[in-house]
2 protein chains.
Amino acid sequence: MNTNQQFSISIHILTLLAAMPEQLLTSEQIAASVNTNPVVIRRVMGHLRAHGLVESRPGASGGWKLSRAPEQIHLCSVYDAFSHTDLLGMHRHPNTNCPIGAKITPALEKVFGQAEKAMHETLSGFTVKDVLEEIQS
Amino acid sequence: MNTNQQFSISIHILTLLAAMPEQLLTSEQIAASVNTNPVVIRRVMGHLRAHGLVESRPGASGGWKLSRAPEQIHLCSVYDAFSHTDLLGMHRHPNTNCPIGAKITPALEKVFGQAEKAMHETLSGFTVKDVLEEIQS
DNA sequence: ATAATTTGTAACTATAATGGTTACAAATGA
DNA sequence: TCATTTGTAACCATTATAGTTACAAATTAT
């Protein structure tokens, strides 16, 4: 139940890009808003780009912009860009000689799967535009 | 989005206790099923006891048992015993001189709160008895 | 062309969380 | 009185992450 900040940082960045749609923002500029190192930003952006959410241009006067309108970027898509590890962690080696240990894993997967699905559906109800409007209200 | 195993281990333990309602189980016995060290079990059990889910008796022929019927232990209560850190991590120091950075935190809290609430409600739909029956089916 | 800028990425460090382990006092029952 | 078991502190190893430095490749501006 931890806590990597990449999802949170991603929403921050996407909202920032949505607020300045006319220009490319550099990693340096974005890092100033998030208050971290530009390389941290580029790492996060790499995932977002791989999922088609942002585009970059290297070189002088390069930078980043959204690749779709903010109302078309749902937060579940942002979440998916980082959901390599499951949210609810599973313990690894239950004793399969125990009747409970032998079957607990699939039982937990069923429950955890439903729980994460519920969260995912909630995230699908918000877009980057929603977040921007919340901030500007 | 990681992954501490305490929630998962807890459900395993509670299901095991539910399967053997007649006897006290020792940390050693429980650890054998979970396949870990007895101290890890006692640590987890401490949280569960603090939330009224299990009872212990120290000393010879001591051990652990559920403090309520398994159909009265909802998985959301188990989750609550460990939800000290929020599931979706927040980045810490957005730049408050930036209009977005200044307001992103409460906006994220609103979204994350709803997402976690959805997950919590899903967990409230399952009890330890449900997990046990799933395993025994 | 050349220089300046910016991404893209590898490599490394520091920090924090976690699981696992040892050790031992306190409680309890046989 | 002794054996057993919880309760807990202390420590170590591992892992994930954020942050940092460094530099090649790409691109634009002059």
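Heavy atoms only: backbone and side chains are in, while hydrogens, waters and symmetry mates are out. Quick caveat: nothing in here was measured; it's all calculated off a predicted structure. Protein chains get the first letters and strands the later ones, always in sequence-line order, with residue 1 at the start of each.
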Distance below 4.0 Å between [X] side-chain N/O and [N] OP1 or OP2:
X	N	answer
A:R49	C:dT7	no
A:S27	C:dT7	yes
B:S56	D:dG7	yes
A:T26	C:dT6	no
A:N4	D:dA16	no
B:Q29	D:dT5	no

Nearest atoms (heavy-atom pairs only) where A:L108 meets A:M90: CB-SD, 3.5 Å

Which atom names give the shortest non-hydrogen contact between A:V131 and B:A107, and what distance separates them? CG1-CB, 4.3 Å

Using the side chain to side chain donor-acceptor pair (under 3.5 Å) definition, which of the options A:H120, A:H47, A:H74 pairs with A:D80? A:H120

In this structure, how many angstroms lie between the [atom2] atom of [N] and the [atom1] atom of [X], rounded?
X	N	atom1	atom2	answer
B:I13	D:dT6	CD1	P	12 Å
A:L48	C:dG8	CG	P	12 Å
A:L25	C:dT6	CG	P	12 Å
B:R57	D:dT6	CZ	C1'	11 Å
B:I30	D:dT5	CD1	P	12 Å
B:W64	C:dT28	CH2	C1'	15 Å
B:Q5	C:dG19	CD	C1'	7 Å
B:F7	C:dG19	CZ	P	14 Å

Base, sugar-phosphate or nothing for B:G62? Non-hydrogen atoms, less than 4.0 Å. sugar-phosphate

Select base, sugar-phosphate, or nothing to describe what A:G63 touches, counting heavy atoms under 4.0 Å on all strands. sugar-phosphate

Nearest-nucleotide pick for [X], side chain only, options being [options]:
X	options	result
A:N37	D:dA22, C:dT21, D:dG19	D:dG19
A:V39	D:dA29, D:dA22, D:dA10	D:dA22
A:T36	C:dT21, D:dG19, D:dT6	D:dG19
A:R42	C:dT21, D:dG7, C:dT7	C:dT7
A:P58	C:dA10, C:dA27, C:dT6	C:dT6
A:A60	C:dT7, D:dA10, C:dA4	C:dA4
A:V40	D:dT6, D:dA18, C:dT9	D:dA18

State plainly whether the residues B:E134 and A:K110 are in salt-bridge range, i.e. N to O under 4.0 Å. yes

Would you say B:H91 and A:S8 are linked by a side-chain donor-acceptor pair, where the criterion is simply a distance under 3.5 Å? yes

Okay, side chain of A:N35, backbone of A:A32: is any donor-acceptor separation there less than 3.5 Å? no

Side chain A:R43 and base C:dG8 donor-acceptor under 3.5 Å: no

